[in-house]
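Worksheet: the structure to be examined is printed underneath.
Just so you know, ligand 1 is whichever comes first in the structure, and atom 1 is the first atom listed for that ligand.
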Amino acid sequence: MISVEQALEKVLSYVEVLEEEENPILDCLGQVLAEDVYSGIHVPPLDNAAMDGYAVRTEDTHGANQQSPRFLQVIDTVPAGSISKHTLKPGTAIRIMTGAPVPGGADSVVPFEYTDETQRKEPYDKIGILCKVETGWNIRRAGEDIAKGSLVLSKGTVIRPSEVGVLASLGHSRVKVIRRPVIAILATGDELVDVEQPLPPGKIYNSNTYSVAALVKRYGGIPRLLGIALDSEDSLVAKLNQGQDADMLLTTGGVSAGDYDLVKDVLAKRGEITFWTVQMKPGKPLAFGRIKGSSKAGAARYVPHLGLPGNPVSSMVTFELFVRPAILKMMGKKDLAKPVINAVIEDSIVNKDGRRIFARVIVEKRGGQHFARLTGPQGSGILTSMTLANGLVIIPSDKAKVEVGDIVQVMMLDWSDEA
Ligand code: AMP
Ligand code: MG
């Protein structure tokens, strides 16, 4: 039995960063930039008003105050999106809206609050300025956010909503990113029925395909559902063949020591097994290796294959530990680990079999301290424990027991500020 770290190292050594592709910017959320992005324009393109008010010549406001306004002739109004044809001459002002380009001759914008705007009377040809203003007041300078020619986003940046916005502000509709891995998912088991079907006696619904596919999506991959294979070598091989051109193949079930656990046999016959069984609970039976297939061009090609355990909790937990980092690596990401925090445990946990335990917990923050309590029964068939949990408490293999009040490490599955 190998350790979680050794298993992860093996899995990661079988996957590489994938090729680049060009996508519409909105499709790139969560992907990694494959090119440096420079700006072809100034953002904003022109000096513009930061407030609704009056564009003025600063010197025309000298000596102005509440008691003795300086009156200026209003010669134009300029809304955002338009450019005034006028240039300010001494004694004139242009009414201007936020975002509108500052007219020639103006060197500051006086907000409405510092004018007699509300007392103005028809025919609106004069405005009283009620204070002396400073040069550059309320003017956003051309290029103050992004200067033309500058490096804005570097290769390797993970694209979040703010990066999507910056790309849009530069007028980039598409960008080069590392492509998303295609992860083929096959459930195995004679007892399984798809969610579309009625449930005959003795059968159960196939939930693993859906929880695992949802995890693939959540972490940025593209799930390809191969359906359900029966517990026979022929059925397994036929289904596995449909996943040959994926970047990774996942099966669930059939990796224990039972009569019908054929996944590792097929893996051994059709490729090679790198490891089987990891020192963890849940998730001890976990087969990893590569399956020989052929590329579209007909050349031999090995696809990394992780045989996840069949128990619904085990398949999700082993996914988080081994598949998630592999997906992130293939996508070009550097930070592959989930956040781990310290928390005070509120239940005692006994570790009988010398494996590392990942128990489902609910983490809460109270008085500046994190507390973790078990979700309830920890059987690896109790999938609802995963719906209750926001973290997995990690009990080391050499720790026989943790007591209430001990400080423990928790791998956070869902992180929110409230946790
Ligand atoms: P196995 O490792 O194939 O013996 O499966 C272990 C347990 O997980 C058995 O109780 C299976 O019925 C259950 N199981 C296996 N595959 C699935 C699946 N796709 N959805 C729900 N439960 C499953
Ligand atoms: Mg089975």
Give a yes/no on ligand 1: does [X] have at least one heavy atom closer than 4.0 angstrom to it?
X	value
G189	no
G254	yes
S207	yes

I need the nearest protein heavy-atom contact for [atom]: residue, atom name and distance, please.
atom	value
atom 11 (C) of ligand 1	E191 OE2, 3.0 Å
atom 22 (N) of ligand 1	I204 CD1, 3.5 Å
atom 19 (N) of ligand 1	N206 OD1, 2.9 Å
atom 13 (C) of ligand 1	G310 O, 3.7 Å
atom 10 (O) of ligand 1	N311 OD1, 4.3 Å
atom 4 (O) of ligand 1	D261 OD1, 3.8 Å
atom 16 (N) of ligand 1	N208 ND2, 3.4 Å

Per-atom contacts of ligand 1 with G253, taking only distances under 4.0 Å to non-hydrogen atoms:
2 (O), 3 (O)

S256 neighbourhood, listing ligand 1 atoms whose heavy-atom distance to it stays under 4.0 Å
2 (O)

Donor + acceptor pair across side chains of Y302, E272 (<3.5 Å):
no

Can a salt bridge be assigned to the pair [X] and [Y] using a cut-off of 4.0 Å between side-chain N and carboxylate O?
X	Y	result
R218	D414	yes
R224	D245	yes
R270	E233	no

Would you compute the distance between atom [atom1] of [X] and atom [atom2] of [Y] and round it to the nearest 0.5 angstrom?
X	Y	atom1	atom2	value
I129	L72	CD1	CG	5.0 Å
K155	I178	NZ	CD1	7.5 Å
K334	K329	NZ	NZ	10.0 Å
I357	K352	CD1	NZ	8.5 Å

Could you see which bit of Y205 sits under 4.0 Å from ligand 1, with heavy atoms only: side chain, backbone, both or neither?
backbone

Within reach of ligand 1, part of I228 (heavy-atom separation under 4.0 Å):
neither

Assess the residue pair F288 and F322 against the criterion (ring pair (Phe, Tyr, Trp, His ring centres under 6.0 Å)); give the C-alpha distance rounded to whole Å, side-chain angles, the decisive distance to 0.1 Å, and a yes or no.
CA-CA 10 Å; F288 178 66; F322 304 109; 8.9 Å; no

Identify the residue among I222, L215, I327, L249 that makes a side-chain contact (heavy atoms from CB on, under 4.5 Å) with I183.
I327

Does ligand 1 come near enough to P309 that some N or O of the ligand is less than 3.5 Å from an N or O of the residue?
no

